[in-house]
Amino acid sequence: MKICLVTPSPVPFVMGGAEKLFLGLVEAINHHTSHVADLIKIPVFEQGFWGLVDGYRLFAELDLSHFDLVISTKYPAWMIRHKNHHVYLQHKLRGFYDLYQAAPQGLKGGEPRSAPRALPDHPSLQGLLAILDRSHPDRKDMDDLFAELGRLRHLRLPENIFVFPGPLIRRVVHFLDQIGLSSDNIVSYSAISRTVANRKDYFPAGVPVRVLHHPTSLKGLAPGTKQDYLFTASRLSELKRLHLLVAAYARVPGNLPFLIAGTGAEEFTLARQAAHDPRIQFLGFVPDAQLSQLYRDALAVPFVPYDEDYGLITLEAMRCAKPVLTCSDSGGVTELVQSGVTGEIATPTVESIAGLLANLVENPARSQDLGRNALERVRPITWSNFVRDLLDQVSLPRIVRTPSTSAQPRGHILVLSTFGVHPPLQGGQLRIFHLYRQLTNHYDVTILSLGNLDAPEEAIEMAPGYVEHRIPRVKAQAREEMRLKDLSGISCGDIMVITHWAQNNRFMDVLQEYLSSTDCVVLSHPYMAHALQECWDGPV
């Protein structure tokens, strides 16, 4: 299959967890599967009213029909129109959803946010507000919305109408997300964590959502032998709650350094808070090679954000056999950390965090035990496992056979072939093509065949009621085929299938899908008999 991962490119550009996922996922699909994947990005300035509207509109207009399958992960990329569109959701625009009016425990001040402002009241907005009030909006309503916003953009309206963030742009985003993420437009839904899957208003009501924890693309992660310091890496923003860690560490006795990597808006405030504690060192931006080394030589990694989507820092620390200290309301982090087993989970208070930090520092042998458990916990989270699970249910849409023009209902015959048939160029292909072509006078016929490694998955309608669905070999099958050829000196593509049919999960999934509605199976050669025997007891 030709797969596209479609994403926004933030303006100004930053390399965050989302961007690392994009690059890692495309590389993993190309490396670990027989599919080919590409990454398509559109710049989006998401910190302004019109920049965000333009981003939604550009994705809604994007034509990706030259791909077999499209995966989106983040707003506004899920506005694309594609018949085989799958969502692996990282998060929505959180300030307009789960963080709207939130007053998380442990944030500085902790005051509840002010009540939501009412939508602006202006005569020119009547048409726009009428569109936003439509129930169950669809693509036609979206087109009307963009047209009306385009008209308003050129009017000299008061600036406070288009304030960002503000109630009008929040209403627009909710309206567009409802259309883009509708089950009419999306084939399947996945989420990066249970935290994301369970958030209110993130997914349409009643749709199944798979949870898939993805790996990190950071290289060089491995257990280290040193325990020279505490370490954390984080964007220095209020939601990451570094101020809790700084205040808590002031209560931890000893001389163990605490190193903090990262940059952000809270950099100056945090440095001033820690000015009287020489053990705390702010490292600023750290390149990836140094970041891996910092993980390896740490005693433990405290990471206490509020309601984190997932938290790659957690995974990276645990891959280096480091226990992670987090908080009970830290969201996705708590899905990997088990208190007293792979790390510690505190309440989001200075006292609770300080007590558990002191325990980790004063008992390094116990910290090592927790770290070893942490490594075992995340060992299965690899790129090969992840892309297998992600693509397991992300397939080409079910082939619709050409309906018969006869008044009598027609049966369906499924033919299994170990090689591709179309175009019919040589003896075996010609025989199969013409033999079953004649059967289409009486039945619908599908040939399910095995294609070459790295070839795309194809569904070819060769004649009315006559389809070849070709699934490429996987690497394990290609390796076995070459091994047998080296032993025998002859082509062994057919013989390979006798023992290595189960390695091709995609072929078996498609086979079972067709078997649910077929009347008879024809083995054009006997080599796939074992594969068929596993899932079919009908006529052969």
- [ ] Taking the six-membered ring for Trp and the full ring for Phe, Tyr or His, determine whether the centres of Phe231 and Tyr295 are under 6.0 Å apart.
- [x] yes
Task: Donor-acceptor side-chain pairing of Thr216 and Glu316 below 3.5 angstrom - done: yes
Open item on the list: Hydrogens and angles aside, do Ser188 and His86 bring a side-chain donor and acceptor to less than 3.5 Å of each other?
Closed with: yes
- [ ] For Arg139, look at atom CZ and say whether over 12 heavy atoms of other residues, nucleotides or ligands are found less than 6.0 Å away.
- [x] yes
Open item on the list: Run the salt bridge (Lys or Arg N to Asp or Glu O under 4.0 Å) test on Asp369 and Arg366 for me, step by step, so that the C-alpha distance in whole Å, both residues' side-chain angles and the decisive distance to 0.1 Å come before the verdict.
Closed with: CA-CA 5 Å; Asp369 289 340; Arg366 178 175 179 272; over 6 Å; no
Open item on the list: Between Asp177 and Trp78, is there a side-chain donor-acceptor contact under 3.5 Å, judged purely by atom types and distance?
Closed with: yes
Open item on the list: Tell me whether the NZ or CZ atom of Arg279 lies within the 45° cone about the ring axis of Tyr249 and under 6.0 Å from its centre.
Closed with: yes
Open item on the list: Is it true that Thr195 and Glu308 share a donor-acceptor pair across their side chains at a distance under 3.5 Å?
Closed with: no
Open item on the list: How about CZ on Phe13, more than 12 heavy atoms from neighbouring residues, nucleotides or ligands closer than 6.0 Å, or not?
Closed with: yes
- [ ] May I ask you to check whether Tyr88 and Phe386 place their ring centers less than 6.0 Å from one another?
- [x] yes
Open item on the list: Tell me whether the rings of Tyr97 and Tyr202 are parallel (<30°), tilted (30 to 60°) or perpendicular (>60°).
Closed with: perpendicular
Task: Polar side chain donor-acceptor pair, Thr232 to Ser234, under 3.5 angstrom - done: no
Task: Tyr310 side chain to Gln90 side chain, donor-acceptor N/O pair below 3.5 angstrom - done: no
TODO: Measure across Ala28 and Trp383 and return the closest heavy-atom pair with its distance rounded to 0.1 Å.
DONE: CB-CE3, 3.7 Å
